[in-house]
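See structure below.
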Amino acid sequence: MLKIRTLLAAATLLVAGGLSIANAAEPSRLNKILNAGELRVGTTGDWNPMTVKNTATGSYEGFDIDVVTELAKDMGVELKFVPTDWKTLINGVVADKYDMTTSASLNPKRMAVAGYTDSYYHVGTVPLTLSKHLPKFNSWEDINSSDVTVATTLGTVQEQQAKDYFPKASLISVEAPARDFQEVLSGRALVHITSNVEAATLVKKYEQMAIVPVQEPRSPTPLAMLVAQDDQVWINYLNHWIELKKTRGFFKQLAQKWKLAD
């Protein structure tokens, strides 16, 4: 019996030692960020008013840009934006091209391969068309017709939503940097769907566009940052930071600044 206990104790020490070595060999991204003095954030720059890239200056602005700018300031590190697109957004996290992303909709397929922080805002999906086509559409079901073409952007949550919402319609997906709403503006599609926050900015920018007067947005969805799913230390840090900022009213103030307040 004593021999067995001795062997078990030795095995426990070996396992513990192995875990310690593994943990020492792979420190959290939090430690890497603090040691490097730089936070790398992947962002698409094409989701107004969350993340918008100024093509003339190369700088970014928007609700999410203010969020990660505040995060980097609180961490005492420099902020580096890494351009990405919706199709490769998750790949960039998994391949360590950036430490996190600006916000993305929670989605089961994304959750299977990447981690999410706690949510700090939510959106719903609405359809848009040209104002001259509004008489054709009064409901979601009016769009679900074989004579309607619906545009989406490749890799977005709306791409899958369109397949679920409109099985009878013709669907086209465009690849970034092209965008779905451009297909509607050009007449190549009658409708596109996007978040209610982007829809509000689009109808202000393009007077010929309008939100289809559906009864209510569909698929209410929380937004959160994408991170590596195997780094609980980094996820915990971000979650605690989000909770702290929620408590202090930071996200409400940003929502008012960007006219997103409910």
If only atom types and distance count, is the side chain of [X] paired as donor or acceptor with the main-chain N or O of [Y] below 3.5 Å?
X: Tyr121; Y: Leu260; result: yes
X: Asn236; Y: Val233; result: no
X: Ser131; Y: Gln208; result: yes
X: Asn196; Y: Val123; result: no
X: Thr247; Y: Lys245; result: no
X: Ser119; Y: Leu223; result: yes
X: Glu70; Y: Asp66; result: no

Please tell me whether [X] and [Y] are part of a single hydrophobic cluster in this structure, the criterion being side-chain heavy atoms less than 4.5 Å apart.
X: Leu134; Y: Val214; value: no
X: Met75; Y: Ile65; value: yes
X: Leu128; Y: Leu171; value: no
X: Val41; Y: Phe251; value: yes
X: Val52; Y: Trp258; value: no

Under 3.5 Å, is there a donor on one side chain and an acceptor on the other for [X] and [Y]?
X: Ser59; Y: Thr57; result: yes
X: Gln161; Y: Thr125; result: yes
X: Thr44; Y: Asp46; result: yes
X: Glu243; Y: Asn239; result: no

- prompt: Is the Trp140 ring parallel, tilted or perpendicular to the Phe166 ring (thresholds 30°, 60°)?
  reply: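 Plane angle under 30°, so parallel.
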
- [ ] Indicate the ring-plane relationship of Phe81 and Tyr60, choosing parallel, tilted or perpendicular according to the 30° and 60° boundaries.
- [x] tilted

First locate atom [atom1] of [X], then atom [atom2] of [Y], and finally report the distance between them rounded to the nearest 0.5 Å.
X: Leu185; Y: Met209; atom1: CG; atom2: CE; result: 5.0 Å
X: Lys136; Y: Ser145; atom1: NZ; atom2: OG; result: 10.0 Å
X: Lys252; Y: Gln256; atom1: NZ; atom2: CD; result: 9.0 Å
X: Gln160; Y: Ser173; atom1: CD; atom2: OG; result: 10.0 Å
X: Gln182; Y: Arg188; atom1: CD; atom2: CZ; result: 8.0 Å
X: Asp231; Y: Asp99; atom1: CG; atom2: CG; result: 9.5 Å

key: side-chain contact (heavy atoms from CB on, under 4.5 Å) between Val212 and Val126, worked out   = CA-CA 7 Å; Val212 175; Val126 295; over 6 Å; no

For [X] and [Y], work out which heavy atoms get closest and say how close.
X: Thr201; Y: Pro49; value: CG2-CD, 3.6 Å
X: Ile90; Y: Arg110; value: CD1-CG, 3.1 Å
X: Leu226; Y: Ala114; value: CD2-CB, 3.9 Å
X: Gly42; Y: Thr84; value: C-CG2, 4.0 Å
X: Val148; Y: Ile143; value: CB-O, 3.5 Å
X: Pro167; Y: Asp164; value: CD-O, 3.8 Å

Asn91 and Thr88: CA distance, side-chain angles, deciding distance, side-chain hydrogen bond (donor to acceptor under 3.5 Å, both in side chains) verdict | CA-CA 5 Å; Asn91 292 341; Thr88 60; 5.9 Å; no

Could you tell me whether the side chain of [Y] reaches within less than 4.5 Å of the side chain of [X], counting heavy atoms only?
X: Met225; Y: Tyr116; answer: no
X: Trp86; Y: Leu154; answer: no
X: Lys80; Y: Leu39; answer: no
X: Trp234; Y: Ile33; answer: yes
X: Leu190; Y: Val150; answer: no
X: Pro27; Y: Asn35; answer: no
X: Thr117; Y: Met100; answer: no
X: Phe250; Y: Trp241; answer: yes

- Query: Considering residues at least two apart in sequence or located in another chain, which fulfil the side chain to side chain donor-acceptor pair (under 3.5 Å) criterion with Thr43?
  - Reply: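 Partners of Thr43 under the side chain to side chain donor-acceptor pair (under 3.5 Å) test: Thr51, Thr102.
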
- request: Please confirm whether Tyr206 and Phe181 have ring centers closer than 6.0 angstrom.
  value: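 Yes - the distance between ring centres of Tyr206 and Phe181 falls below the 6.0 Å cut-off.
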
Q. Does the pair Phe63 and Ser103 meet the rule for a side-chain contact (heavy atoms from CB on, under 4.5 Å), with working shown?
A. CA-CA 10 Å; Phe63 179 94; Ser103 70; over 6 Å; no

Any ion pair linking Glu38 and Lys32 (charged N to carboxylate O, less than 4.0 Å)?
no

### Query
Can a salt bridge be assigned to the pair Asp96 and Arg29 using a cut-off of 4.0 Å between side-chain N and carboxylate O?
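Yes, this pair counts.
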
Q) Is the number of heavy atoms from other residues, nucleotides or ligands under 6.0 Å of Glu78 CD greater than 12? A) no

Quick check: are there more than 12 heavy atoms from other residues, nucleotides or ligands sitting under 6.0 Å from NZ of Lys73?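 12 or below, so no.
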
Residues His192, Leu202; criterion side-chain contact (heavy atoms from CB on, under 4.5 Å); working and verdict
CA-CA 12 Å; His192 83 104; Leu202 287 173; 3.8 Å; yes

Contact list for residues 202-211, test salt bridge (charged side-chain N to carboxylate O under 4.0 Å, His left out), sequence neighbours left out
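The answer is none; no pair qualifies.
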
- request: Could you please spell out the steps behind the side-chain contact (heavy atoms from CB on, under 4.5 Å) verdict for Phe137 and Thr129?
  value: CA-CA 9 Å; Phe137 309 110; Thr129 188; 4.0 Å; yes

Passing option when Glu183 is tested against Val191, Thr153, Thr152, Ile172 for side-chain contact (heavy atoms from CB on, under 4.5 Å)
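Passing option: Ile172.
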
